[in-house]
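Inspection log for the structure reproduced underneath, given as structure tokens.
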Amino acid sequence: MVLCTLGPTGTDLEYQARLFTPVLWSIDAPTQAQIRVRRDDTHEWVTNQGIYVSWMAAWLPG
């Protein structure tokens with residue numbers, strides 16, 4: 001499981017949380033993932049936005 005949230009930019013974070021959507025774009029290797037951020041009002045990809053990424057690995061018994 002991978003969780004992406006926006007990083008701080010020093011301005012109105014509640015407004016930015018509604019304006020930007022982080023998207024897990026691809027998982028290229030066990031240690032590499034690509035995450036893109038989409039701006040919801042213009043529907044364009046953001047080129048420079050800090051994000052936090054957390055991941056958790058889970059194995060099913062069996």
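The first residue in the sequence is number 1, and the count goes up from there. When reading the values below, keep in mind they use all heavy atoms of this one structure, side chains included, and skip hydrogens, waters and symmetry mates.
Heavy-atom minimum distance, R38 versus V46: C-CG2, 4.3 Å. Listed here is the closest heavy atom pair of D28 and Q34: OD2-NE2, 2.8 Å.
Other residues, nucleotides and ligands contribute more than 12 heavy atoms inside 6.0 Å of the CG atom of L24.
The side-chain contact (heavy atoms from CB on, under 4.5 Å) search around E44 returns T42, not counting sequence neighbours. R36 pairs by the side chain to side chain donor-acceptor pair (under 3.5 Å) definition with nothing, not counting sequence neighbours.
Here the CZ atom belonging to F20 is positioned 9.0 Å from the CG atom belonging to D40, to the nearest 0.5 angstrom.
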